[in-house]
> 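Shown below is the structure under consideration.
Model, not experiment: these values are computed from the prediction. Letters A, B, ... mirror the listed sequences (proteins, then strands); counts begin at 1.
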2 protein chains.
Amino acid sequence: MKTPRSAATRTKLLEAARDIIRARGYSATTVDDICAAAGVTKGSFFHHFPSKEQLGIAAIEQFNETASEIFRSAPYTSRPDPRDRVLGYVDFRISMLTREIAQFTCLLGTMVQEVYATHPDLRAACDQGMSEHVADLTRDIQAAKQRYTPDAPWSAESVGYFMQAVLQGAFIFAKAKQDTRVAVESLGHLRRYLEMLLGQPETGKEPTPCRT
Amino acid sequence: MKTPRSAATRTKLLEAARDIIRARGYSATTVDDICAAAGVTKGSFFHHFPSKEQLGIAAIEQFNETASEIFRSAPYTSRPDPRDRVLGYVDFRISMLTREIAQFTCLLGTMVQEVYATHPDLRAACDQGMSEHVADLTRDIQAAKQRYTPDAPWSAESVGYFMQAVLQGAFIFAKAKQDTRVAVESLGHLRRYLEMLLGQPETGKEPTPCRT
DNA sequence: GTCAAAAAACCAACCAGTTGGTATATTACT
DNA sequence: AGTAATATACCAACTGGTTGGTTTTTTGAC
């Protein structure tokens, strides 16, 4: 962080790591791969990061910060009704599915699958990052619950985790099929479920039948 | 398949691959790891499989066959009402979450995340295996739809994929948290959504309110 | 004895991480 | 301001160990 050049190199390494790991996973990504993509030598790599694992942790943190900013500055966050914000989040994620696969998938979800049993620090970083994002979501869900269905038997947090689970599963099918249609339809089902959980908007008209 | 001993060695290698890859992922799993776990030398490994990738494909196929048998012989499949079979499937998967993480997670979902961009044959095998399982599920969903909500706007297949997406996402959180509570709650949300989609059982009583 | 199966020894390529050193800043003193 | 001292940023070459895969040898069933 001292010189601008140093910060730029560090950022290039983190971005290269983010992109390559999202495409190939953590284990299959070599330090040489990351250095080549960042246009940096291995000596420089190990000047900035003490190990591949520490780079992984830094990449997770940076990915989470970037993601937080994207969602914090997304248009739906300014809607006054928390229910609209929750559904707007889902719509926003559906709209992201038009990009390349490696551009909308989750670095943390990809990594934790292969490192949870062997790299405790990486696992913990992924857990923390995903839980923070769920906590952000949970705030809007809780507000919507309070307003529309305060006595519902489910917890706002469990719905936040459920939303992330659907997203992570949708990413897996997008990768397996090299196609986002299943992912789009799955997020559509998620949206329908949330509409049902959070009830109808405050206009007070009859709820649509459950079956539709 | 020639001698019984040969078949036993092959099975041991496939089972070792299945267990280690589920815990550490495909790339981080070495041929030596698999040989050690199977109690077999490397020379023997390459007598049975021409490459690590071919072993991976064989492991995917065997995993899928084993899984098919488990679900085909599960108690819920004998229920007469297709809606009960669909919900029974979810309950059965919830009950599986009491085992060790590496015993209930999906080899295919774990693998496809890290190989989809680099190993086309593995990706295709995972896609096919997951799609076959969805097709099995879709049959019951379609039957339940026909019986209870034939005009609903969603397709049975998209619901089948949605169910698998929730499962895969639940596995990711089980790994990240080293705890199945989030997974159990997510499958609970999935169950509630399916109850809503498939309507109420044929007893003809009033539907419970959507919000509960 | 023959031939498939298993073992043992081996290999070239590759891996994460080190080395010893050079370039480029930043600071400190005059 | 000028410049010596110091710290940071960077790099090419190297290392010990590991990788997927091969070759050669031994075992064991018929």
Side-chain angles (χ1 to χ4, degrees), chain A residues 1-18 20-21 23-60 62 111 114-115 117-123 125, chain B residues 1-21 23-60 111 114-115 117-123 125:
Chain A
M1 282 279 282
K2 293 291 171 67
T3 73
R5 188 160 69 111
S6 171
T9 301
R10 198 187 135 92
T11 299
K12 271 198 293 184
L13 284 169
L14 287 173
E15 287 175 352
R18 181 238 289 149
I20 303 179
I21 294 174
R24 297 185 222 164
Y26 176 78
S27 302
T29 299
T30 70
V31 174
D32 282 324
D33 289 339
I34 296 169
C35 292
V40 161
T41 62
K42 215 189 244 190
S44 186
F45 177 100
F46 283 101
H47 172 76
H48 288 279
F49 301 100
S51 68
K52 183 189 174 185
E53 182 167 3
Q54 282 301 313
L55 164 84
I57 291 175
I60 289 166
Q62 198 220 234
M111 282 183 78
E114 40 174 338
V115 304
T118 49
H119 298 72
D121 293 346
L122 286 176
R123 196 222 94 240
Chain B
M1 281 282 282
K2 293 292 172 64
T3 73
R5 189 159 68 111
S6 172
T9 302
R10 196 186 137 93
T11 299
K12 271 199 293 184
L13 284 169
L14 287 172
E15 287 175 353
R18 179 238 291 151
D19 292 341
I20 303 179
I21 294 174
R24 298 185 223 164
Y26 176 78
S27 302
T29 300
T30 70
V31 175
D32 282 325
D33 289 339
I34 296 168
C35 292
V40 160
T41 62
K42 215 191 251 194
S44 186
F45 177 100
F46 282 101
H47 173 76
H48 287 278
F49 301 100
S51 68
K52 182 188 174 185
E53 183 167 2
Q54 283 300 313
L55 163 84
I57 291 175
I60 289 166
M111 282 183 79
E114 41 174 337
V115 304
T118 49
H119 297 73
D121 293 347
L122 286 176
R123 195 221 94 240

> Between D:dT19 atom C1' and B:Leu55 atom CG, what is the distance in whole Å?
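Between C1' of D:dT19 and CG of B:Leu55: 15 Å.
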
> Any non-hydrogen side-chain atom of A:Phe49 less than 4.5 Å from a side-chain atom of A:Ile57?
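No, too far: nothing below the 4.5 Å cut-off.
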
> Which heavy atom in A:Gly56 sits nearest to a heavy atom in A:Leu122, and how many Å separate them?
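Distance-wise, the nearest heavy atoms are C-CD2, 3.8 Å.
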
> Distance check needed: D:dA9 P versus A:Phe46 CZ, whole Å only.
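Roughly 17 Å, once rounded to whole Å.
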
> Write down the atom of B:Ala16, the atom of B:Ala37, and the distance for their closest heavy-atom approach.
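Scanning both residues, the minimum pair turns out to be CB-CB, 3.9 Å.
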
> Nearest heavy atom decides the nucleotide; on that basis, is A:Asp33 or A:Gly43 closer to the 5' end of DNA chain C?
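Looking at the nearest nucleotide for each, A:Asp33 comes out on the 5' side.
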
> Side chain of A:Lys52 only, heavy atoms from C-beta on: which candidate in D:dC11, C:dA16, C:dA8 is closest?
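Nearest to the side chain of A:Lys52 among the choices is C:dA16.
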
> Among D:dG20, D:dC11, C:dA16, which is the nearest nucleotide to the side chain of B:Val31?
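For the B:Val31 side chain, the nearest candidate turns out to be D:dG20.
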
> Rounded to the nearest angstrom, tell me the gap between atom NE2 in A:His48 and atom P in D:dA9.
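Result: 6 Å.
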
> So what does A:Thr29 hit on the nucleic acid, given a heavy-atom distance under 4.0 Å: a base, only sugar-phosphate, or nothing?
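Sugar-phosphate only.
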
> Taking only N and O in the side chain of B:His47, is any of them less than 4.0 Å away from OP1 or OP2 of C:dA5?
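For C:dA5, OP1/OP2 do have a side-chain N/O of B:His47 under 4.0 Å.
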
> If you go through the side-chain atoms of B:Lys42, does one of them form a donor-acceptor pair with the base of D:dG20 closer than 3.5 Å?
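Answer yes: a donor N or O sits under 3.5 Å from an acceptor.
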
> Within this structure, what is the CZ-to-C1' distance between A:Arg10 and D:dT8, rounded to whole angstrom?
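So the CZ-C1' distance, A:Arg10 to D:dT8, works out to 15 Å.
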
> Mapping A:Glu53 and B:Val40 to their closest nucleotides on DNA chain C, which lands nearer the 5' end?
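Result: B:Val40.
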
> Side chain of A:Thr30, heavy atoms from C-beta onward: which of C:dC15, D:dG20, C:dA6 has the nearest atom to it?
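Given the options C:dC15, D:dG20, C:dA6, the side chain of A:Thr30 is closest to C:dC15.
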
> To the nearest Å, how far apart are A:Asp32 CG and D:dA12 P?
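So the two atoms are 13 Å apart, to the nearest Å.
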
> Grab the CZ-P distance between B:Phe49 and D:dT22 for me, whole Å please.
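Distance, rounded to whole Å: 15 Å.
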
> What pair of heavy atoms forms the shortest contact from A:Ala28 to B:Ser27, and how long is it?
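The answer is CB-OG, 3.3 Å.
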
> So does B:Thr9 get a side-chain nitrogen or oxygen closer than 4.0 Å to the phosphate oxygens (OP1/OP2) of C:dA6?
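Yes, B:Thr9 has a side-chain N/O under 4.0 Å of OP1/OP2 on C:dA6.
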
> Which heavy atom of B:Gly25 sits nearest to which heavy atom of B:Glu114, and what is that distance?
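Nearest heavy atoms, B:Gly25 then B:Glu114: CA-OE2, 3.0 Å.
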
> Quickly work out the B:Phe45 CZ to D:dT19 C1' distance and round it to whole Å.
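Roughly 12 Å, once rounded to whole Å.
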
> Rounded to the nearest Å, what distance is computed from the CD atom of residue B:Gln54 to the P atom of nucleotide D:dG21?
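The distance from CD of B:Gln54 to P of D:dG21 comes to 10 Å, rounded to the nearest Å.
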
